[in-house]
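I have placed the structure first, in the form of structure tokens, so that the comments after it can refer back to it.
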Amino acid sequence: MVIKEEILHSVGASIKHYRTSEFIFQEGDLPNYYYQIIKGDVKLNNYNEDGKEFIQNILSEGQSCGESLLFIEKPYPMNAEVLKPCTIFKLHKDTFFQLLNSSSKLCLKISNFLAQRLYYKFIMMQNISNQNPAVRLTGLMDYLKSFQNDERLYSFMIPLTRQQMASLTGLCVETTIRIIKVMERNKVVRIKNRKILY
DNA sequence: TCATTAAAGTTAT
DNA sequence: ATAACTTTAATGA
């Protein structure tokens with residue numbers, strides 16, 4: 001959790017509900033609010049000229065989205081699209097900055113969260129610049145699995161569709177499926193009713 | 001080798 | 001029902 005719910009309540013953050021595939025904000029919009037997810041999943045993405053999607057990130061409960069843009073006077077370079085129905089705290093940026101001014105502890109919290117997002121970007125950029133699609137996919141899976149303590153083989157169920165994995169790694173779905181099949185043959189993953197165990 | 005296209009089956013809304 | 005996802009196969013860069 002980035003900012004405690006009590007604090008957000010106390011400064012008058014509103015609570016908004018979003019349905020699946022709704023946009024919280026879109027590329028080009030000017031950032032005016034701090035958003036923190038209470039429940040649900042959000043993806044940050046871009047669509048290229050041919051309509052192909054690239055997912056920058058998937059965020060869930062307790063995380064904030066698009067907060068980095070509040071610190072610079074620039075429009076959003078990505079969309080925030082709802083994956084699973086969301087309940088979200090919405091706080092005007094002025095109040096958000098007042099809050100930061102009042103608490104160095106909160107500043108650290110935000111810095112920590114930003115650093116985590118940056119870390120993910122580093123890892124994924126490293127992966128994606130690798131030409132080998134198997135490396136890209138294992139890189140993604142390693143990152144996701146790193147948040148659970150159980151390191152045993154097949155102990156982690158990838159919470160993504162193959163479509164999403166493809167969009168996160170810049171591969172096409174078919175390639176993703178093919179590579180995952182090879183991994184299954186090589187005992188790198190197991191597949192249990194279409195879910196990938198890693 | 002991987003992306004793209006097409007086609008068909010499966011699952012989710 | 002209809003859209004979204006999964007899978008296989010053929011073809012081309």
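Every value quoted in this text rests on a predicted model; they were computed, and no experiment measured them. Every heavy atom of this structure was used, including side-chain atoms; hydrogens, water molecules and symmetry mates were not. First the proteins, then the strands, lettered A, B, ... as listed; each starts at 1.
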> Under 6.0 Å between ring centres, would you say that holds for His92(A) and Tyr34(A)?
Replying inline: no
> Can you tell me if CD on Glu184(A) sees more than 12 non-hydrogen neighbours from other groups inside 6.0 Å?
Replying inline: yes
>> I need the single residue from Arg190(A), Arg162(A), Met183(A) that forms a side chain to side chain contact (heavy atoms under 4.5 Å, CB included) with Ile196(A). Which is it?
In response: Arg162(A)
>> With side chain to side chain contact (heavy atoms under 4.5 Å, CB included) as the test, pick out the partner of Lys43(A) among Met78(A), Gln164(A), Glu53(A).
In response: Glu53(A)
>> Quick check for you: name the first and last nucleotides of DNA chain B, 5' to 3', having an atom under 4.0 Å from a heavy atom of chain A.
In response: dC2(B) to dT11(B)
>> ring pair (Phe, Tyr, Trp, His ring centres under 6.0 Å), that's the test. Do Tyr143(A) and Tyr120(A) meet it? Break it down for me.
In response: CA-CA 8 Å; Tyr143(A) 173 81; Tyr120(A) 170 79; 4.8 Å; yes
> Do Phe89(A) and Tyr35(A) have their ring centres less than 6.0 Å from each other?
Replying inline: no
May I have the list of side-chain donor-acceptor pairs in residues 22-33 of chain A shorter than 3.5 Å, sequence neighbours left out?
| from | atom 1 | to | atom 2 | distance (Å) |
| --- | --- | --- | --- | --- |
| Glu22(A) | OE1 | Arg19(A) | N | 2.5 |
| Asp29(A) | OD2 | Gln26(A) | N | 2.8 |
| Asn32(A) | OD1 | Lys93(A) | NZ | 3.3 |

Polar-atom pairs under 3.5 Å, protein N or O versus N or O of nucleotides 5-7 of chain C: list them with distances, or write none.
| from | atom 1 | to | atom 2 | distance (Å) |
| --- | --- | --- | --- | --- |
| dT6(C) | OP1 | Arg162(A) | N | 3.2 |
| dT6(C) | OP2 | Arg162(A) | N | 3.2 |
| dT6(C) | OP2 | Gln163(A) | N | 3.0 |
| dT7(C) | OP2 | Arg162(A) | NE | 2.5 |

